[in-house]
Each structure stands twice: as structure tokens, then as C-alpha cells.
Amino acid sequence: MTQHWDPESYAAHARFVSDLGAPVVDLLDPQPGERILDLGCGDGALTERLRNAGCLVVGVDSSPEQVWAALQRGLDARIVDACELPFDAEFDAVFSNAVLHWVRDADASIDAVWRALRPGGRFVAECGGAGCVASVRECFAEALAARGVDSAAVDPWYFPTADEYRARLERRGFRVDSIERFPRPTPLPGDVVHWLEVFAQPFITAAPELERPALLDEMRERLAPRLQRPDGTWVVDYVRLRFAAARP
Ligand code: BEZ
């Protein structure tokens with residue numbers, strides 16, 4: 001999968017991701033002194049919030065650039081794959097915002113979280129749920145098919161239903177205290193092309209380099225009737241999955 005995170009464009013075009021993370025932090029209900037693993041910490045915006053709540057936080061992310069940005073905030077941040085967490089019963093809670101939909105092997109990551117938690121520890125997370133950014137997926141399918149590319153083969157996202165993810169958690173032994181899937185139409189701070197450039201790189205790079213500007217123009221045109229409001233604002237059809245589970 002060709003997906004890179006540039007902290008500068010992330011801060012400019014995707015800050016809303018951590019800004020909209022407040023409800024899942026509330027669900028976590030972090031207590032001073034708790035040891036918390038922030039799985040997919042990105043540039044550390046929410047990790048910092050947890051530290052400011054008095055928690056002892058470790059952030060992990062697979063992007064070296066994002067981990068570097070988190071280190072600049074003075075956080076304990078490490079480059080680690082979500083399926084290979086090197087922790088053993090060390091955390092009171094594992095927290096994750098807007099990351100699990102990037103993890104193709106959901107069971108491996110759930111297993112890694114289980115091992116990282118002490119018995120009684122909780123797993124509280126939010127990610128994309130079934131139907132998330134359906135308009136983007138559908139428009140890429142059409143635009144890439146016209147270029148001889150099967151978009152399903154490059155699609156990096158896993159957007160489960162609540163039943164599907166609950167079953168995975170329970171199969172591993174988690175007790176699921178709550179799990180809900182809900183639409184959250186999300187206004188963008190700028191043009192949808194910036195969003196595509198930050199979040200949809202695997203689709204874009206599936207096209208030959210010289211064709212990418214035309215692909216982005218076409219995507220903008222295809223998406224406009226579905227996602228652009230009369231005042232010009234873009235509102236992306238996000239669907240969220242939010243859950244709280246515990247390792248008994
Ligand atoms: C997200 O970060 O929440 C997200 C990224 C790509 C597609 C949908 C959601």
C-alpha cells in the first residue's frame with residue numbers, strides 16, 4: 001500500500017481528525033496515573049491530550065514522519081506496526097482514533113491489543129465503519145476502471161459493521177461494553193482534492209504518474225454533486241464505528 005503521512009499537510013488538511021476525537025477520549029475516561037497506549041498516535045495531538053489528563057502515555061504509529069512530529073511534542077512515541085505491538089500486559093487501556101480502518105489484518109491487531117493490556121484493561125477506539133466514504137470509493141472505482149485499474153485491488157480501507165467487529169473482539173475474549181456505528185458527515189477545511197491527496201494515496205498512485213492530475217480533476221467533478229454544498233463547502237460522508245471493550 002502506498003500511503004505516506006506528511007505532518008505538514010496533515011496539520012493543514014486533516015487536523016479535524018484529532019479535533020473530532022473528543023467523544024472517544026470521553027468514552028475512554030482517562031484517569032490520572034493510568035498507563036495508556038495510543039495506537040496510531042499520528043502527530044500526537046490526542047496523545048498530548050491524554051498526557052495532559054495525567055496519564056502515562058506511549059504513542060505508537062507506523063509512520064516515521066508522524067512519530068517524529070509526536071516526539072517534537074515531547075511525547076514517548078515509537079515506530080511500531082499495529083499488528084506487532086511489543087507489549088505484554090503493560091497497559092490499563094489501549095486507545096485508538098481514526099486508525100483501525102487502515103489495518104487490513106484486524107484479528108492480528110486485536111490480538112496484539114489483547115496482549116498489551118493487563119487483565120481488566122480496556123480497549124476504546126473509533127474508526128471508520130461500514131459505508132464510510134462510500135462516495136469516494138464509488139467514484140474511484142469508476143474513474144480507475146476507465147484507466148484499466150481495479151480499485152478494489154488497491155483499496156487500503158477496512159470499514160466493518162458493528163456486528164462484524166464485535167464478533168472479532170468477542171472471538172478474542174474481549175467483553176464488548178458498547179459498540180455503535182453512525183454517520184458523521186464531516187465538513188472539510190478546504191478542497192476535497194487536498195483530502196484525497198492526504199487520505200487516498202493508494203488509489204491515486206494506482207494511476208500512471210502523468211495521469212494523476214487528470215484523475216484528481218475527474219474525481220473532483222464526480223464528487224461535487226454528492227459532497228459539495230451550494231456554499232462551496234465539501235462535506236465527506238464519514239461513518240464511524242466507536243466501541244469500548246475490556247479484557248476480563
Ligand atoms: C479517517 O482518518 O478517519 C479516514 C481516513 C480515510 C477514509 C475515511 C476515514
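Count residues from 1 along the sequence.
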Next on the checklist: Between Val193 and Met219, is the side-chain contact (heavy atoms from CB on, under 4.5 Å) condition met? List the steps.
Outcome noted: CA-CA 8 Å; Val193 167; Met219 282 296 292; over 6 Å; no
Item to check | Pair Phe123-Phe243, ring pair (Phe, Tyr, Trp, His ring centres under 6.0 Å): steps then yes or no | outcome: CA-CA 8 Å; Phe123 180 20; Phe243 63 85; 5.0 Å; yes
Checklist entry - For Arg171 and Ile110, what are the C-alpha separation, side-chain angles and deciding distance, and is it a side-chain contact (heavy atoms from CB on, under 4.5 Å)? => result CA-CA 10 Å; Arg171 212 179 301 131; Ile110 289 170; over 6 Å; no
Next on the checklist: Please evaluate residues Arg35 and Glu90 with respect to the criterion salt bridge (Lys or Arg N to Asp or Glu O under 4.0 Å), reporting the C-alpha separation (whole Å), side-chain torsions for both, the decisive distance (0.1 Å), and the verdict.
Outcome noted: CA-CA 8 Å; Arg35 291 160 303 156; Glu90 288 171 48; over 6 Å; no
Checklist entry - Can Asp231 and Thr233 be said to form a side-chain hydrogen bond (donor to acceptor under 3.5 Å, both in side chains), step by step? => result CA-CA 6 Å; Asp231 69 358; Thr233 316; 2.6 Å; yes
Item to check | Worked check of side-chain contact (heavy atoms from CB on, under 4.5 Å) between Cys132 and Arg240 | outcome: CA-CA 7 Å; Cys132 192; Arg240 310 314 280 166; 4.2 Å; yes
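Across Pro189 and Phe16, no two heavy atoms sit closer than the pair CD-CD2, 3.9 Å. Contact between Leu215 and Ala143 at its shortest, heavy atoms only, is CD1-CB, 3.7 Å. Between Arg104 and Pro156 the shortest heavy-atom distance is CD-O, 3.3 Å. A pairwise comparison of heavy atoms in Arg51 and Val57 identifies N-CG2, 3.6 Å as the closest pair. Residue Leu144 comes nearest to Ser151 through the heavy atom pair CD1-CB, 3.8 Å, listed as atom of the first residue, atom of the second, then distance. Across all their heavy atoms, Cys55 and Pro30 have their closest contact at SG-CB, 3.5 Å.
Under the side-chain contact (heavy atoms from CB on, under 4.5 Å) test applied with Leu27, the options Arg242, Arg122, Glu126 reduce to a single match, Arg242. Screening Phe140, Phe203, Phe199 for a ring-ring contact (aromatic ring centres under 6.0 Å, His included) involving Trp157 leaves a single residue, Phe203.
The closest donor-acceptor contact from the side chain of Gln201 to the backbone of His4 lies under 3.5 Å. Side-chain atoms of Arg181 come within 3.5 Å of backbone N or O of Ala130 as a donor-acceptor pair. Side-chain atoms of Ser96 come within 3.5 Å of backbone atoms of Leu39 as a donor-acceptor pair (strictly under, hydrogens ignored). At distances below 3.5 Å, not a single donor-acceptor pair connects side-chain atoms of Glu48 with backbone N or O atoms of Ala45. Using a distance-only test at 3.5 Å, with no hydrogens or angles considered, a donor-acceptor pair links the side chain of Arg247 to the main chain of Leu117. Arg212 contributes a side-chain N or O that, together with a main-chain N or O of Ala207, makes up a donor-acceptor pair within less than 3.5 Å. Judged purely by atom type and a 3.5 angstrom limit, Glu84 has no side-chain atom pairing as donor or acceptor with the backbone of Val80.
Between Val124 and Asp29, every side-chain heavy-atom pair lies at or beyond the 4.5 Å cut-off. Counting only heavy atoms from C-beta outward, the side chains of Glu218 and Arg147 approach each other to under 4.5 Å.
Criterion: ILVMFWY side-chain heavy atoms under 4.5 Å apart, direct or through other members. Under it, Leu100 and Val198 are not part of a common hydrophobic cluster. With hydrophobic clusters built from ILVMFWY side chains whose heavy atoms lie under 4.5 angstrom apart, Leu37 does not share a cluster with Val103. Neither Leu75 nor Val67 shares a network with the other; the hydrophobic side chains, linked directly or stepwise wherever heavy atoms of I, L, V, M, F, W or Y lie under 4.5 Å apart, form separate groups for each. Put simply, Leu196 and Tyr238 are part of the same group of oily side chains (I, L, V, M, F, W, Y) that touch within less than 4.5 Å, one to the next. Cluster membership for Val58 and Leu71, using ILVMFWY side-chain heavy atoms within less than 4.5 angstrom, is not shared.
Checked by atom type, the side-chain pair Ser63/Asp61 shows no donor-acceptor distance below 3.5 Å. Glu164 and Tyr158 are linked by a side-chain donor-acceptor pair at a separation below 3.5 angstrom, with hydrogens and angles left out of the test.
Between Trp5 and Trp102, the distance from one ring center to the other falls under 6.0 angstrom.
The aromatic rings of His13 and His194 lie parallel to each other, their planes meeting at an angle below 30°, with 60° marking the opposite boundary.
Under the side chain to side chain contact (heavy atoms under 4.5 Å, CB included) criterion, Asp237 pairs with Val133, Ala134, Ser135, Leu227, not counting sequence neighbours.
Within a 6.0 Å sphere centred on CD of Glu221, heavy atoms belonging to other residues, nucleotides or ligands number 12 at most.
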